Amino acid sequence: MGRCRLVTTLFFCRSLPVRLVSCLTAIALAAAAGPVFAQDASTTPPTAPATLDVGGDSVTIGAGGIYLNDYEGSDHYVWRVGPGAIGSVGGFNFIVAGNRASVDLIPDKPGPGWDIQAGPVGVLNFNRSILKNIDDPRVRALGKRSTALEVGGYVGIGRTGVVTSDYDRLSLSVSYRKGVTGAHRAGIWTPTINYFTPLSRKTAVGLFASADYAERGYGKAYFDVDAAQSLASGLPVFTTRKGWKDWSAGAIGTVALTGDLLHGFKIVGGATYTRLLNDFARSPVVSIAGDRNQWIGMLGLAYTF
């Protein structure tokens, strides 16, 4: 796996469900850049390798239209544009996806086998920081939140060559990030599992699932309603306890338009379903003004060089 890895992209995306715009962009870019070990299904059996140059540096950039909600827990959706980039330089993988950035500090080893990942992650959480983007007047009346900077790290393990071929990949990882400035100072734990497989030299698909455990400060910043806010908004007073905030599942795919999955343009897309849990789902911001069921879709274009 000499270029880019899906595992790190899926992992970092789910670290901030509030802004899944960059999540889907990064996932789709990973699907575009990740299958450097793709096979040609039209001419070879599923377990046979293709002759591809998988070494060296690689960078994929792209942008897409994302259908997402106004804030975490909202039931109102809009179309926006999300940029992203993913690559491997000198054996180190990096991701810049909208409001997040991450680096894998453990270089990949080529070919099938086990792989360890670890590195830093940084996120800018813009949840409810721009009131004009929120459709519901009751949530706008709760007031603006400062943009939060969340920093932390992750560890993970993956294996290449699992089910369908020598090139599919199953990964497990867990991250912890903590707000250090802005709206909150809370920590968020995120375990993630994902599976990715190339179907041919031009197509690839992936599946993933994850969950978020949020500390009390996160709920206070985004899901609480105090007495003054209740008076201004008409929503009842509510205090959010720490706990499991949500679980998510999604699918991604990519098809090369020029060249193959290693070079040229490709169309990328995906969808994610998130279900809010416990007090985070019971908050009036969600149960009255929004919906515990959250969706996001993305369709875009990427280029690998």
Side-chain angles (χ1 to χ4, degrees), residues 1-17 19-41 50 52 54 57-69 77-88 93-102 104 164 167-169 171 192 194-210 248-274 295-305:
M1 298 186 59
R3 292 176 185 262
C4 305
R5 284 186 305 196
L6 181 69
V7 57
T8 50
T9 306
L10 292 175
F11 176 72
F12 288 122
C13 282
R14 281 299 309 137
S15 69
L16 184 58
R19 277 298 167 205
L20 289 175
V21 51
S22 55
C23 172
L24 263 292
T25 303
I27 289 173
L29 287 173
V36 299
F37 27 75
Q39 67 217 32
D40 188 345
L52 292 175
V54 299
D57 298 340
S58 176
V59 175
T60 297
I61 59 175
I66 301 96
Y67 189 65
L68 78 164
N69 48 11
Y77 292 78
V78 295
W79 281 97
R80 301 194 184 280
V81 175
I86 181 171
S88 180
N93 298 316
F94 70 90
I95 301 165
V96 178
N99 61 333
R100 73 201 61 241
S102 59
D104 184 355
T164 61
Y167 314 114
D168 65 339
R169 182 173 182 80
S171 302
T192 301
N194 59 72
Y195 176 74
F196 174 77
T197 183
L199 302 178
S200 71
R201 295 176 67 97
K202 290 182 173 291
T203 60
V205 297
L207 302 171
F208 67 95
S210 67
S248 297
I252 51 112
T254 183
V255 178
L257 300 177
T258 62
D260 55 29
L261 292 173
L262 300 181
H263 309 91
F265 287 98
K266 57 268 301 173
I267 190 169
V268 292
T272 298
Y273 169 75
T274 297
W295 295 90
I296 184 169
M298 182 270 187
L299 185 66
L301 188 67
Y303 182 80
T304 303
F305 56 91

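All values reported here derive from a predicted model rather than from experimental measurement.
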Quiz item: Can you name the closest pair of heavy atoms from D260 and K266 and give their distance?
Solution: O-NZ, 3.7 Å
Quiz prompt | Gap separating the OG1 atom of T60 from the CZ atom of F305, nearest 0.5 angstrom | solution = 7.5 Å
Exercise. Of all the heavy-atom pairs spanning T304 and S58, show the shortest one and how long it is.
Key: CG2-OG, 3.7 Å
Self-check item: Spacing of CD1 belonging to I252 relative to CZ belonging to F208, to within rounding of 0.5 Å
Solution: 8.0 Å
Quiz item: Quick check: does any side chain N or O of T254 sit under 3.5 Å from a backbone N or O of I267, one acting as donor and the other as acceptor?
Solution: yes
Quiz item: With distance as the sole test, does T258 use its side chain to make a donor-acceptor pair with the main-chain N or O of F265 at under 3.5 Å?
Solution: yes
Quiz prompt | Candidate pair M298 and V268, rule side chain to side chain contact (heavy atoms under 4.5 Å, CB included), full reasoning | solution = CA-CA 8 Å; M298 182 270 187; V268 292; 4.0 Å; yes
Quiz prompt | 4.5 Å side-chain heavy-atom contact, R169 and N194 | solution = no
Quiz prompt | Nearest heavy-atom neighbours spanning G82 and I66 | solution = N-CD1, 3.0 Å
Practice problem: State, with a plain yes or no, whether a side-chain heavy atom of F94 is found less than 4.5 Å away from one of V59. | Solution: yes
Quiz item: Which atom pair, heavy atoms only, marks the closest approach of L261 to T203?
Solution: CD1-O, 3.6 Å
Self-check item: Approximate separation, where rounding is to 0.5 Å, of I296 CD1 and Y273 OH
Solution: 14.5 Å
Quiz item: With Y67, which residues qualify under side-chain contact (heavy atoms from CB on, under 4.5 Å), at least two apart?
Solution: Y77, W79
Quiz prompt | Check: T197 and V205 side chains under 4.5 Å, non-hydrogen atoms | solution = yes
